[in-house]
Amino acid sequence: MTENVVHLHKHTDPPADPATVTTLTVVPDVPPARPVPLWVRSGRAVRTAVTHEGTKTAVRAMARHGLYTFNGGRIVARRTWDGRTGARYERMIRAAEAAGNLEAAEEWEERLQRFRAARHHRRMDLLHSPVDAAKGVAVGAGMSVGLLVALGIIMAIGTGQAGDVITPLSATIGFIALLIRIVQVVWGPALTIGPFLALLALWAVGRKQQAAPPWALPANVRNGEGEPITPSIVVKALRDLGIPALARAIKEMGDAGASMLGPIRIAGCGVEVDVTLPSGVSTNEVQNKRRKLAENLTRHEHEVFITIPQAARTVRLWIADSGALDEPIGPSPLAVDDTLTADYTKGRVPWGQDLRGDAASLSLYQRHLLITGLSNQGKTVALRSLALWLSLDKSVQFLMGDLKGVGDWAMFDGLATTLIQGPTDEHVIQVTEMVEGAVAEMNRRIQAPPGTTFPPLIVLVDEAQVAFMCPAKDADKRPYGGSKANSRYFMAVRKIHSQGRAVNVLMWQGTQDPTNENLPKLVREGAHTRASLALGTESQARMALGDKAVDGGAAPNLLRPGLDRGTLVVASDGITIPAGQASLTVRTHYIDDDATAITDRAKALRDGVTTLQAIARGAEHDPLADISAVIGDAPRVRTKDVLARLATRNADAYGGWSFIDLKRVLDDAGAEPYKSDGVMVVARDRVARALADREGSASVD
């Protein structure tokens with residue numbers, strides 16, 4: 001507030017002394033603050049009181065205990081009604097009919113008839129009971145009086161007092177009078193306290209059954225986190241799914257809704273139960289309600305899986321223990337068993353565990369492979385685990401391209417025939433030519449005489465999206481990447497997918513974030529085994545696994561990035577999938593530090609492999625020197641393996657070679673192939689001696 005100061009003085013000449021000036025302070029009018037109306041303050045106070053946590057707790061407590069008593073009365077009344085009538089049997093009959101079990105319905109109908117016959121017999125007995133009871137009372141009273149008089153006579157004879165004859169009778173009459181007085185004293189308080197005791201009993205029944213809505217229950221009961229799975233919980237969860245036909249059928253069944261359930265069995269880190277659905281409810285209706293069913297069971301969506309067993313109109317629920325899927329699984333058998341070997345044809349990779357805790361093993365025999373997933377979810381480790389196991393079969397050959405280039409596959413140096421590591425366009429070019437070399441080897445095998453067997457050749461490319469998205473072009477303007485008919489990498493992969501399986505030339509790829517740009521449709525659909533780690537959307541899941549698997553319940557997009565690292569969804573005929581399912585969720589073993597030890601064991605099984613770090617290109621080549629290079633340190637190598645390695649080393653020069661071409665070069669050099677254990681081989685020493693002789697002749701000249 002600003003004060004206005006006014007100076008008043010008389011007009012004088014000269015001006016008056018300032019001491020004589022009168023100062024008047026004028027304070028402007030300011031309206032007083034308006035008081036808050038009483039009704040506003042009262043409303044605020046009421047709102048504060050109503051929304052206070054203590055008030056909410058008190059209201060919930062009052063509602064809870066009141067409903068305990070009310071619903072407890074309903075429960076007792078229903079139990080009484082069931083005990084006095086045939087309602088229980090009628091419900092069981094309706095439940096059996098709803099489940100389509102006519103034999104059980106007939107059995108319950110027979111029990112109902114027996115119950116009605118017994119009840120009729122009891123009611124007929126009640127018609128005669130008053131007369132029989134009166135006769136019994138009269139006879140009993142007469143006998144009791146006679147006994148008392150006889151006892152009195154005996155006492156009178158013993159004491160010599162005639163009055164003792166009625167002593168027992170008078171004592172009995174006095175005892176009866178005492179009982180009457182006790183009843184008279186207790187009756188009044190009992191009438192007062194009795195209703196309260198009855199209400200307390202009803203409250204206890206309601207509290208035991210938790211007969212109150214969830215919002216009124218205590219916090220620890222409302223949460224229900226980790227509560228055990230019981231038949232009643234499963235039935236309630238199914239009833240509340242929002243499927244009208246299912247809800248009506250369960251309502252008609254009443255408490256007999258549990259008749260839909262098979263036994264609840266422990267299955268790994270959870271439980272498993274088969275549910276026979278009532279007529280009019282299809283299995284896919286329940287499958288489409290997975291999230292709601294999980295929430296009704298107080299579980300997360302990823303902790304409940306719905307599959308279709310062999311039995312008709314049945315769904316199998318697997319319900320994990322709360323938080324159990326966040327616990328790691330044990331180590332891989334590859335890491336703990338030094339004697340473990342592999343068999344490409346008949347063996348299975350110990351890849352991990354399914355959600356039930358059972359071992360999940362995968363057959364790799366003549367199956368192209370594709371693994372996808374978001375970055376840093378364990379894709380490379382899952383793919384490498386398969387290669388580590390297969391490396392323990394010494395007949396298997398590897399051509400590897402790691403387009404990440406951070407050393408994830410470095411332990412295969414000395415094991416793989418070719419190992420290219422790096423993310424640049426030059427590395428993509430090298431990988432493309434490696435795959436094209438595998439195509440040349442595939443064509444050579446196809447042209448071999450019928451019945452010829454070939455060792456497995458695994459062409460593995462990790463981070464394949466780098467190859468598909470590479471913009472580089474060759475001298476003929478053909479792109480290395482892309483998905484067009486002139487794309488070199490794309491067409492090489494397609495050729496292997498089309499014909500490689502028949503001659504054991506297999507394509508394995510790992511890629512991130514599948515889209516049409518970095519993983520073309522034809523390449524996706526060419527893989528026999530498709531697996532996916534966590535993905536972002538359902539459309540990506542369809543690209544990774546296919547529409548059939550996703551429509552059948554596969555949902556890698558529901559996996560939690562980071563939390564479910566190493567968990568993948570597999571769609572393949574090479575893994576055991578329960579009947580009715582389109583996929584299997586596998587928690588893979590994590591192999592990291594033990595990978596080098598496993599490859600060392602694999603190298604010990606082999607004669608020695610010289611790993612090429614690049615593909616030779618150009619018109620100039622030395623066949624004899626290249627033969628020596630691909631033989632490496634092995635004392636002898638089969639001729640067909642030499643041909644395969646030459647085609648990989650330089651597809652342009654050796655892709656079309658046959659045994660005759662190889663034999664001609666070796667014969668001219670004096671290093672002829674020969675038979676060893678029934679197969680044609682090339683000796684390292686002969687080739688080395690031929691090279692030395694050639695160099696010696698050149699120096700003399």
Side-chain angles (χ1 to χ4, degrees), residues 268-270 302-303 305 318 320 324-337 340 342 347-364 367-392 402 404 408-409 411-412 458 460 462-463 508-512 514 527-535 541 544-545 549 554-578 581 583-599:
C269 56
H302 70 276
E303 294 176 330
F305 287 83
W318 183 81
L325 296 183
D326 297 330
E327 299 294 329
I329 63 174
S332 170
L334 291 173
V336 298
D337 187 358
L340 189 67
R348 287 176 172 265
V349 187
W351 208 9
Q353 295 179 1
D354 63 15
L355 296 178
R356 293 169 178 80
D358 299 329
S361 56
L362 177 68
S363 172
L364 301 174
R367 291 178 177 89
H368 301 302
L369 177 71
L370 173 65
I371 296 182
T372 63
L374 297 177
S375 177
N376 197 32
Q377 297 304 309
K379 169 180 53 62
T380 296
V381 174
L383 182 61
R384 192 176 60 190
S385 297
L386 303 178
L388 287 172
W389 177 82
L390 197 56
S391 69
L392 297 176
D402 175 17
K404 184 188 298 181
D408 289 337
W409 298 88
M411 67 287 299
F412 281 86
I458 307 300
L460 188 152
D462 194 12
E463 306 295 342
W508 290 9
Q509 295 183 95
T511 182
Q512 292 182 15
H528 303 98
T529 296
R530 298 168 71 171
S532 176
L533 293 103
L535 290 173
L545 299 177
N557 53 299
L558 297 181
L559 296 173
R560 302 164 297 170
L563 296 177
D564 290 327
R565 185 179 290 112
T567 299
L568 46 75
V569 182
V570 186
S572 171
D573 61 350
I575 196 168
T576 303
I577 299 177
Q581 285 184 234
S583 62
L584 184 70
T585 301
V586 178
R587 305 173 69 196
T588 59
H589 294 295
Y590 180 70
I591 304 176
D592 188 13
D593 296 337
D594 296 315
T596 302
I598 296 171
T599 53

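Along the sequence shown, the residues carry numbers beginning at 1.
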Could you walk me through whether W389 and I591 pass the side chain to side chain contact (heavy atoms under 4.5 Å, CB included) test, one step at a time? CA-CA 11 Å; W389 177 82; I591 304 176; over 6 Å; no

Taking W508 for the side chain and I371 for the main chain, is one N or O donor matched with an acceptor at less than 3.5 Å? no

May I have the step-by-step check of side chain to side chain contact (heavy atoms under 4.5 Å, CB included) for L383 and L460, ending in yes or no? CA-CA 9 Å; L383 182 61; L460 188 152; 4.2 Å; yes

Before giving the answer on side chain to side chain contact (heavy atoms under 4.5 Å, CB included), spell out for L334 and L340 the whole-Å C-alpha distance, their side-chain angles and the decisive distance to 0.1 Å. CA-CA 7 Å; L334 291 173; L340 189 67; 3.4 Å; yes

At what distance, to the nearest 0.5 angstrom, does OG of S332 lie from CG of D337? 10.0 Å

I need the minimum non-hydrogen distance between A554 and L545, along with the two atoms involved. CB-CD1, 3.9 Å

Within the 4.5 Å heavy-atom criterion, are I575 and T529 side-chain neighbours or not? no

Say you draw a straight line from CG of L533 to CG of L568; how long is it, rounded to the nearest 0.5 Å? 4.5 Å

Considering all heavy atoms, the nearest Q377-G562 contact: OE1-N, 3.0 Å

Between CD1 on residue I577 and OG on residue S572, distance to nearest 0.5 Å: 7.0 Å

Is there a side-chain contact between T585 and T567, using heavy atoms and a 4.5 Å cut-off? yes

Given salt bridge (Lys or Arg N to Asp or Glu O under 4.0 Å), test D573 with R367 step by step and report yes or no. CA-CA 9 Å; D573 61 350; R367 291 178 177 89; 2.9 Å; yes

Can you confirm whether E463 sits close enough to T380 that some side-chain heavy atom of one is under 4.5 Å from a side-chain heavy atom of the other? yes

Just how far is it from atom OG1 of T599 to atom CH2 of W409, taken to the nearest 0.5 Å? 11.5 Å

Can you confirm whether D462 sits close enough to K379 that some side-chain heavy atom of one is under 4.5 Å from a side-chain heavy atom of the other? yes

State, with a plain yes or no, whether a side-chain heavy atom of S385 is found less than 4.5 Å away from one of T588. no

R530 side chain to A544 backbone, donor-acceptor under 3.5 Å: yes

Do V569 and L559 make a side-chain contact, defined as non-hydrogen atoms from C-beta onward lying under 4.5 Å apart? yes

State whether the side chain of R565 and the backbone N or O of N376 hold a donor-acceptor pair below 3.5 Å, judged by distance alone. yes

Contact summary for W351 and A531, nearest pair of heavy atoms: CH2-CB, 4.3 Å

What is the ring orientation for H368 with H528, classed by angle as parallel under 30°, tilted 30 to 60°, or perpendicular over 60°? parallel

Please walk me through it: do R384 and D592 pass side chain to side chain contact (heavy atoms under 4.5 Å, CB included)? CA-CA 10 Å; R384 192 176 60 190; D592 188 13; 3.9 Å; yes

To the closest 0.5 Å, what do you measure between CG (D594) and NE2 (H589)? 12.5 Å

Would you say I458 and L364 make side-chain contact, with heavy atoms under 4.5 Å? no

Answer whether the closest heavy-atom distance between the side chains of Y590 and I329 falls below 4.5 Å. no

